[in-house]
Amino acid sequence: MIQLDRVPRLVATDLDGTVVRSDETVSPRTMAALKRLAAAGVILVGATGRGPRLLELCRNDVPSADFLVLGQGAFVYECRYDDTVVELADRSVEGTVLLEALRLIEAEVGPVRALAEPADPARHITGDAMPDWPWTAVTLETAPREVAFTGPMVKGYFVSDYHTGPELLVAAKDVIDPALVTVTESGVGMLEVCPVGVTKAAGIQVVLDKFGIDWADVLVFGDATNDLSMMEAAGHSVAMPNGHPWVQAAASEIAPAGNNDDGVAQYIEALLELL
């Protein structure tokens with residue numbers, strides 16, 4: 001039995017680790033549940049750390065989404081009208097700022113491997129060699145840092161051979177002024193360094209402002225530490241049982257099953273019975 005005591009006006013869900021399974025697919029059951037939710041008049045938002053170069057992949061994963069929040073909240077797209085996509089927000093950070101953050105973090109934890117994701121989608125994600133890069137659909141290019149970190153960036157990716165992603169996040173928060181960049185981590189062992197003020201909650205706020213919806217009327221699903229901002233802001237939040245302990249501790253409740261077993265679909269199916 002779900003613990004939700006009011007029907008949400010907006011539902012936001014993370015993608016990887018939440019509705020996307022370990023084999024990088026979304027099940028037909030989850031697709032159908034999300035479609036039914038949107039058809040019932042609930043605004044559906046997909047919120048992910050994936051950058052804008054993966055917009056079409058995100059649309060394929062959650063085709064029922066009215067809005068997509070990408071790049072940890074830096075980019076917001078309205079995609080409610082067939083194939084039309086309208087950009088509502090676009091935030092970037094200069095590569096030189098990311099290099100300064102990199103200098104501070106390496107002074108604290110030692111050498112890391114670093115990549116820069118340019119805001120220009122014609123440029124590849126570029127930087128140090130990254131043999132364990134988890135997104136095979138994205139092309140990487142190796143180049144010196146002074147070349148890689150030039151111009152406007154979506155974000156930087158920093159990886160340590162000796163520290164986990166959450167450990168890097170804790171260390172970075174100790175030495176990084178939030179007026180310089182925003183740091184987060186999305187459950188794949190990487191510190192992600194984003195423009196100031198960029199969070200999933202900030203991206204969702206763009207949609208809330210458009211419709212005059214309060215956070216009290218928002219339900220969110222998530223699994224990783226980059227979901228904490230929206231988990232803490234929402235009126236009701238559901239963590240995945242496969243999620244990070246910090247996320248589970250912040251959530252209103254835990255989903256009935258993990259991302260590989262349609263946990264979000266099971267929850268939404270129960271929610272739809274209340275509509």
Side-chain angles (χ1 to χ4, degrees), residues 14-17 20 24 46-62 68-77 85 87 89-106 109 111-161 163-166 168-169 172 176 180-200 202-203 224-227:
D14 169 57
L15 301 188
D16 300 297
V20 178
E24 300 184 358
T48 177
R50 299 176 185 176
R53 68 190 64 225
L54 292 179
L55 174 60
E56 288 308 311
L57 176 62
C58 296
R59 295 189 73 194
N60 289 335
D61 283 343
V62 282
L68 289 169
V69 172
L70 272 60
Q72 306 294 7
F75 298 82
V76 182
Y77 300 95
V85 176
E87 185 178 80
D90 178 350
R91 296 280 307 279
S92 61
V93 56
E94 283 298 317
T96 52
V97 175
L98 294 181
L99 279 177
E100 174 60 13
L102 177 58
R103 182 188 68 79
L104 293 168
I105 291 167
E106 288 193 316
V109 303
V112 301
R113 287 173 282 135
L115 289 171
E117 179 172 356
D120 179 359
R123 295 176 59 192
H124 293 311
I125 297 177
T126 307
D128 300 335
M130 197 74 70
D132 299 322
W133 180 250
W135 298 288
T136 55
V138 177
T139 301
L140 299 184
E141 188 174 285
T142 303
R145 290 178 176 181
E146 62 270 19
V147 174
F149 288 84
T150 55
M153 297 289 157
V154 173
K155 57 184 172 180
Y157 302 87
F158 302 166
V159 181
S160 170
D161 292 329
H163 301 279
T164 66
L168 274 181
L169 180 60
I176 294 294
L180 179 70
V181 290
T182 297
V183 292
T184 190
E185 185 271 338
S186 54
V188 293
M190 295 184 177
L191 182 73
E192 298 192 18
V193 185
C194 305
V196 171
V198 164
T199 65
K200 288 190 178 183
T225 57
N226 64 327
D227 297 320

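All values reported here derive from a predicted model rather than from experimental measurement.
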(request) Return yes if a side-chain donor-acceptor contact under 3.5 Å exists between E192 and S186, otherwise no. (result) yes
(message) Test of understanding: with side-chain contact (heavy atoms from CB on, under 4.5 Å), list the residues that count as partners of N60, not counting sequence neighbours.
(response) none
(request) Step by step, work out the side chain to side chain contact (heavy atoms under 4.5 Å, CB included) result for V76 and E87. (result) CA-CA 6 Å; V76 182; E87 185 178 80; over 6 Å; no
(message) For E24, is the CD atom crowded, meaning more than 12 foreign heavy atoms sit under 6.0 Å from it?
(response) no
(message) Once rounded to the nearest 0.5 Å, what's the spacing between atom CG of D61 and atom OG1 of T48?
(response) 8.5 Å
(message) Tell me if a side-chain donor or acceptor on K200 pairs with a main-chain N or O of A47 at a distance below 3.5 Å.
(response) yes
(message) Looking at G49, is its backbone amide N or carbonyl O close enough to the side chain of K155 to form a donor-acceptor pair, meaning the two atoms are under 3.5 Å apart?
(response) yes
(request) Carefully, step by step, assess R50 and D14 under the rule salt bridge (Lys or Arg N to Asp or Glu O under 4.0 Å). (result) CA-CA 10 Å; R50 299 176 185 176; D14 169 57; over 6 Å; no
(request) Calculate, to the nearest 0.5 Å, the distance between atoms CE and CD belonging to M130 and E141 respectively. (result) 14.0 Å
(message) Is any side-chain heavy atom of L70 closer than 4.5 Å to one of L54?
(response) no
Exercise answer: donor-acceptor pairs, residues 118-126 side-chain atoms, under 3.5 Å, sequence neighbours excluded:
unit_1, atom_1, unit_2, atom_2, d
D120, OD1, A122, N, 2.9
R123, NH1, T150, O, 2.8
R123, NH2, T150, O, 3.4
T126, OG1, H124, O, 2.7

(message) Using side-chain heavy atoms (C-beta onward) and a distance below 4.5 Å, is V183 in contact with C194?
(response) no
(message) Can you see whether E185 engages T225 through a side-chain donor-acceptor pair at a distance of less than 3.5 angstrom?
(response) yes
(message) As an exercise, state the distance from CZ of F158 to CG of L98, rounded to the nearest 0.5 Å.
(response) 5.5 Å
(message) For a quick test of reading the model, state the closest non-hydrogen atom pair linking L15 to G46 and the distance between them.
(response) CD2-CA, 4.4 Å
(message) Within this structure, what is the OH-CG distance for the pair Y77 and L68, rounded to the nearest 0.5 Å?
(response) 9.0 Å
(request) Mind listing the closest non-hydrogen atom pair of V198 and A74 along with its distance? (result) CG1-N, 3.5 Å
(request) Check whether any side-chain heavy atom of W135 sits under 4.5 Å from a side-chain heavy atom of V188, and report yes or no. (result) yes
(message) If you apply the rule side chain to side chain contact (heavy atoms under 4.5 Å, CB included), what do you find for V196 with L180, and how did you get there?
(response) CA-CA 6 Å; V196 171; L180 179 70; 5.6 Å; no
(request) Quick one: do T142 and D128 satisfy side chain to side chain contact (heavy atoms under 4.5 Å, CB included)? Show the steps, please. (result) CA-CA 6 Å; T142 303; D128 300 335; over 6 Å; no
(message) Which heavy atom of A101 sits nearest to which heavy atom of V193, and what is that distance?
(response) CB-CG1, 4.1 Å
(message) Quick one, T96 and E100 - any side-chain contact, counting heavy atoms below 4.5 Å?
(response) no
(message) Apply side chain to side chain contact (heavy atoms under 4.5 Å, CB included) to residues V112 and V159 and explain how you reach the verdict.
(response) CA-CA 5 Å; V112 301; V159 181; 5.9 Å; no
(message) I need the T182 OG1 to N226 CG distance, nearest 0.5 Å.
(response) 12.5 Å
(request) Return the set of residues passing ring pair (Phe, Tyr, Trp, His ring centres under 6.0 Å) with Y157 (not counting sequence neighbours), or none when no residue passes. (result) W133
(message) For D132, give me all partners under salt bridge (charged side-chain N to carboxylate O under 4.0 Å, His left out), at least two apart in sequence or on another chain.
(response) none
(request) Taking all heavy atoms of S160 and all of L168, pick out the closest pair and write down the distance. (result) N-CD1, 3.8 Å
(message) Please give me the minimum heavy-atom distance between M190 and P134, naming the atom from each residue.
(response) CE-CD, 3.5 Å
(message) Can you confirm whether V181 sits close enough to V97 that some side-chain heavy atom of one is under 4.5 Å from a side-chain heavy atom of the other?
(response) yes
(message) Can you list everything that forms a salt bridge (charged side-chain N to carboxylate O under 4.0 Å, His left out) with E106? Sequence neighbours excluded, please.
(response) R145
(request) With sequence neighbours left out, write down each residue that passes salt bridge (charged side-chain N to carboxylate O under 4.0 Å, His left out) with E146, or none if nothing qualifies. (result) none
(message) Show the nearest heavy-atom pair for residues A116 and A148, with the distance to one decimal.
(response) CB-O, 3.7 Å
(request) Find the distance between CG (L99) and CD (E94) and round it off to the nearest 0.5 Å. (result) 11.0 Å
